[in-house]
Amino acid sequence: MMEEKGRENGVAAMKACYRRFDPAAYLQYNYTPPRADFTRKDSIVPWKLACLHRAFTEGDMSGELLVDIGSGPTLYQVMSGCEVFSKVLLTDFLEVNRQELRRWLQDEGQCSLDWTPYLQHVCKLEGRRPSAWTEKAAKLRQVVADILPIDVHCSQPLAPDALPSVGADCLVSCFCLESVSPDLAAFSRALGHIGKLLRPGGHLMLIGALGESYYFAGPGVRIPVVPLNEAQVCTSLKESGYTLIRLEVYTLTQDMRVGVDDVTGVFFVKAKKD
């Protein structure tokens, strides 16, 4: 009983940290140069986009439904997947992030970040002209069916009727689970919770931070993170019923360490639900 109470308190404390999350500041810190410099091969964002492009286009994906777990205020993680799956669901715990995504999807302007360079870069990865980005933007807006609230700490993270009874065909989740969990055990439990949303044989793509203990989600808004290493990621996946297909690691260069966090590396995982 005490242990369960402690768990709940840890999760409640994490949720309280997120009340001051600032989508515009977060995007500025992490999704502009040098971390999003498309002229450099060693920039974080192009590396992530290349990992996702390869994972989505290897030919082993099938089905119709892709669910993005904890989208935050970002869209890059589904730009390759929207060509493979005919329906995409975005999800986030925070209404401010869901609003940010809605603004782009409804093409209202006033977005905190211009996603054009991202769309252009993914078009290049797909062997298309960068000018095809307008077609890709239209495709993405067409296939995103909804933006839903989610809580990865609940054993049923989404509303019961949000998904077909068989589950999603593929999940993608970037910098979510380690950033919202008070400790490694909560991270592993959250991995198990989201696994319930995935059909057997479905794929999981996970991108996350290595060695990170905090990040800033706005001026003076410091959010604790579970510092993970590669072995812990692999163990948590195995315990949660996934078979690892591939793990790749990016190590931050000195100029990518821009003072908004203490991350040392980024991992990319492609796995399959047993």
Side-chain angles (χ1 to χ4, degrees), residues 2-19 21 26 30 44 48 51-52 67-72 74 77 91-94 97 149-158 168 170-198 202-217 221-252 261-274:
M2 285 297 286
E3 189 188 335
E4 200 168 309
K5 197 79 191 141
R7 266 189 213 175
E8 285 171 14
N9 290 344
V11 166
M14 283 304 303
K15 287 176 180 175
C17 288
Y18 275 87
R19 285 186 197 130
F21 187 93
Y26 174 79
N30 295 288
I44 299 178
K48 290 190 288 187
C51 287
L52 288 162
V67 180
D68 181 24
I69 305 291
S71 307
T74 65
Q77 60 276 23
T91 69
D92 202 70
F93 180 69
L94 295 175
N97 285 336
I150 191 168
D151 185 345
V152 297
H153 297 303
C154 290
S155 64
Q156 286 296 333
L158 288 172
C170 183
L171 302 180
V172 61
S173 186
C174 301
F175 303 102
C176 171
L177 304 185
E178 73 280 9
S179 307
V180 301
S181 297
D183 50 37
L184 181 60
F187 168 84
S188 296
R189 280 194 300 275
L191 201 50
H193 293 161
I194 67 169
K196 295 176 185 175
L197 305 173
L198 187 62
H203 286 84
L204 168 71
M205 251 87 76
L206 204 58
I207 295 180
L210 292 169
E212 181 177 43
S213 69
Y214 74 90
Y215 76 97
F216 283 103
V221 183
R222 186 180 164 117
I223 294 185
V225 179
V226 181
L228 296 172
N229 61 41
E230 292 147 72
Q232 288 168 328
V233 173
C234 293
T235 301
S236 291
L237 282 163
K238 195 173 180 184
E239 286 172 354
S240 302
Y242 300 96
T243 298
L244 183 67
I245 296 171
R246 185 166 67 247
L247 172 77
E248 295 177 60
V249 171
Y250 170 98
T251 304
L252 270 78
D261 52 41
D262 62 348
V263 63
T264 58
V266 177
F267 69 85
F268 172 83
V269 156
K270 183 175 182 177
K272 202 168 186 179
K273 185 175 172 180
D274 299 340

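Bear in mind that the values here come from a model prediction, so they are computed numbers and not experimental data.
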### Test log, rule side-chain contact (heavy atoms from CB on, under 4.5 Å), inputs Ile207 and Gln77
CA-CA 9 Å; Ile207 295 180; Gln77 60 276 23; over 6 Å; no
### Interatomic distance, Asp261 atom CG to Leu252 atom CG [nearest 0.5 angstrom]
7.5 Å
### Summary
Rounded to the nearest 0.5 angstrom, the NZ-CD distance for Lys48 and Glu248 is 14.0 Å
### Message
Ignoring hydrogens, what is the shortest heavy-atom contact between Thr264 and Gly211? Give both atom names and the distance.
### Response
OG1-CA, 3.9 Å
### Summary
One should read off an interatomic distance between Leu210 CG and Asn229 CG, to the nearest 0.5 angstrom, of 7.5 Å
### Task
Show the numbers, then the answer: is there a side-chain contact (heavy atoms from CB on, under 4.5 Å) between Thr235 and Ser188?
CA-CA 9 Å; Thr235 301; Ser188 296; over 6 Å; no
### Task
For Ser71 and Asp92, test the side chains for any donor-to-acceptor distance below 3.5 angstrom and give the result as yes or no.
no
### Task
Locate the shortest heavy-atom distance separating Glu212 from Ala209; write the atom from each residue and the value.
OE1-CB, 3.0 Å
### Query
Who passes ring-ring contact (aromatic ring centres under 6.0 Å, His included) against Tyr250, sequence neighbours left out?
Trp47
### Query
Can you check side-chain contact (heavy atoms from CB on, under 4.5 Å) on Thr74 and Asn30, steps first, answer last?
CA-CA 10 Å; Thr74 65; Asn30 295 288; over 6 Å; no
### Summary
Heavy-atom closest pair (Cys176 atom, Ile69 atom, distance to 0.1 Å) is CB-O, 3.8 Å
### Summary
Applying side-chain hydrogen bond (donor to acceptor under 3.5 Å, both in side chains) to Lys238 and not counting sequence neighbours gives none
### Query
Side-chain contact, heavy-atom cut-off 4.5 Å: Pro227 with Asp262?
no
### Query
Considering all heavy atoms of both residues, which atom of Gly208 and which atom of Phe175 are nearest to each other, and what is their separation?
C-CE2, 3.6 Å
### Message
Within the structure provided, determine whether Val180 and Val11 are in side-chain contact (heavy-atom separation under 4.5 Å).
### Response
no
### Query
How about Ile245 and His203: do any of their side-chain heavy atoms sit closer than 4.5 Å?
yes
### Query
Hey, is the main chain of Cys154 close enough, under 3.5 Å, to the side chain of His193 for a donor-acceptor pair?
yes
#### Entry: CG-NZ distance between Leu52 and Lys270, expressed to the nearest 0.5 angstrom
10.5 Å
#### Entry: Interatomic spacing from CD1 in Ile194 to OG1 in Thr91 - rounded to 0.5 Å
9.0 Å
### Query
Residues two or more places apart in sequence or in another chain: which of them pass ring-ring contact (aromatic ring centres under 6.0 Å, His included) with Phe216?
Tyr214
### Task
Mark yes or no for whether Tyr215, through its side chain, and Ser179, through its backbone, hold a donor-acceptor pair below 3.5 Å.
no
### Query
Would the number of heavy atoms belonging to other residues, nucleotides or ligands and lying under 6.0 Å from NZ of Lys196 be above 12?
yes
### Task
Work out which heavy atom in Ala168 is nearest to a heavy atom in Leu198; give both atom names and the distance.
O-CD1, 3.4 Å
### Message
Parallel, tilted or perpendicular, judged at 30° and 60°: which one describes the rings of Tyr26 and Phe21?
### Response
tilted
### Task
Can you see which heavy atom on Leu191 is nearest to which on Ser240, and at what distance?
CB-OG, 3.7 Å
#### Entry: Heavy-atom donor-acceptor pair, Lys273 side chain to Gly195 backbone, under 3.5 Å
yes
### Task
Apply the test side-chain contact (heavy atoms from CB on, under 4.5 Å) to residues Ile223 and Met14: give CA-CA distance (whole Å), side-chain angles for both, the deciding distance (0.1 Å), then the verdict.
CA-CA 8 Å; Ile223 294 185; Met14 283 304 303; 4.1 Å; yes
### Interatomic distance, Leu206 atom CG to Cys174 atom SG [nearest 0.5 angstrom]
7.5 Å
